[in-house]
Amino acid sequence: MTESPLWHPFTQHALQPESIHISHAQGSYLYDKDGRQIIDAISSWWVNIHGHNHPKITAAIQAQAEKLDQVIFAGFTHAPAEQLAEKLIALTPNHLTRVFLSDSGSTAVEVALKMALGYWAHKNQPRTIIVALENAYHGDTFGAMSVGGRSVFNAPYEPFLFNVHHLPFPAKNHEHRTIENFEKLLREQGDNIVALIVEPLVLGAAGMLMYTPQLLAQLHALCQKYGVIFIADEVMTGWGRTGTRFACDQAQITPDILCTSKGLTSGSLPLAATLASEEIYQAFFSTDRAKTFFHSSSYTGNPLACAAACAAFDIWDTEPVTQRIKTLSDNLAAQIPRLSSRPDIENVRQTGCILAMDVRNAHHGYLSDIAPKLYRFFLSQGVLLRPLGNTIYILPPYCTTNEDIHVIINTIIGGCDALGNGALERAA
Ligand SMILES: *Cc1c(COP(=O)(O)O)cnc(C)c1O
């Protein structure tokens, strides 16, 4: 067999030479080329919400492909993009009035940062300090890496990342540290702070670290008090993942800039949107061409992706999505006692449709060697789960049945048992 020339993301090929060949998918299942079924318990890296190959999304992409595949988006527009933008701004009436399209979560964040920096520059009050949360993850491009926590993900690039003030993570019972740190910075250097960027309620790649809507509301209130732009990176938390349409809804706040991507097309095609307030837009709106927002990618506003996003939106209106989210989060909650009672599992936590737990006494951090062992074990049982270090989490499509949740939990428990009795060591 010849080796594949593909270089995969977040993959150490020396340790994982073979990739699983997927031929098709349906609902919450992936099928490999031999027809083996795998439960997609992480929504194919957090993107899928309505289930794979939803017929309405597939039909919308097909219909759009017959009309218009792609058109330059500078100076041109089209129905799917216009409809999508209308739907997006209707979610935050009178607050976020402008929609900038791009292709991924990372670019949505880059756009947000450039909007925030440009806002101050065009107002002739240039500012230099960007604030983010410790351990945050905002993507893998340079701006997104810079606002993210420093970790093994970006160590080789660290000298090239711009400086960011990281607030301590608002861990349970330590929230005051985060607030005090931010208040001190605002008091001393408030007029030099560009923006605060946060993953609202759940820090995903950091290991599904969760904090309260109260704290989120407090951070937002401080930004308002000191006139600092509040950027919500809802790339992972958006589209019902935390129980509400956006995580910010639980804190009853509207950010000045909102980044969305992953669930936007329900995981069918790459697309992102950065929503901005009218005030931010107006800082660029000028007869001075130098104040143009100079950002684009070739595929900005791709019609197929926009049509897919519109179809994903319609599913919210025509199917009981809210009920599915409620049922799924109740089903996940029902599993908590079983998991919490185990001596080898700790910090069982849930926000909406995300359930996470840590394997106790294990080596912490992303490079924890139990992660690949558990990953292989789970796959051998037909379940796709991708532990982040010693954190095991479930983040499934909303159509996942309670039966499948049981299978997933049984598989996790089986993996922990095998870890405990050394079976994974022998298998590795
Ligand atoms: C995944 C993620 C990103 C990056 O999205 P990509 O589409 O992978 O570029 C940014 N922010 C958050 C919070 C994410 O979870």
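Bear in mind the structure is a predicted one, so any value in this text is a computation, not a measurement. Keep in mind that the numbers below use all heavy atoms, side chains included, and drop hydrogens, waters and symmetry copies. Whatever order the structure lists them in is the order used to number ligands and atoms, beginning at 1.
- For Asp69, there are no salt bridge (charged side-chain N to carboxylate O under 4.0 Å, His left out) partners two or more places apart in sequence or in a different chain.
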Using the rule given for ring pair (Phe, Tyr, Trp, His ring centres under 6.0 Å), can you reason through Phe153 versus Phe10, listing the C-alpha separation, both sets of side-chain angles and the distance that settles it, and then say yes or no? CA-CA 9 Å; Phe153 293 169; Phe10 275 70; 5.1 Å; yes
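- For Thr351 (side chain) and Ile354 (main-chain N/O), no donor-acceptor pair under 3.5 Å exists by modelled atom type.
- Between His52 and Tyr29, the distance separating the two ring centers is not shorter than 6.0 angstrom.
- For ligand 1, the protein residues within 4.0 angstrom (heavy atoms only) are Trp46, Ser104, Gly105, Ser106, Tyr137, His138, Gly139, Glu199, Asp233, Val235, Met236, Lys262.
- Here Arg245 pairs with nothing under the salt bridge (charged side-chain N to carboxylate O under 4.0 Å, His left out) rule; sequence neighbours left out.
- Remark: Phe246 pairs with Trp239 by the ring pair (Phe, Tyr, Trp, His ring centres under 6.0 Å) rule, at least two apart or across chains.
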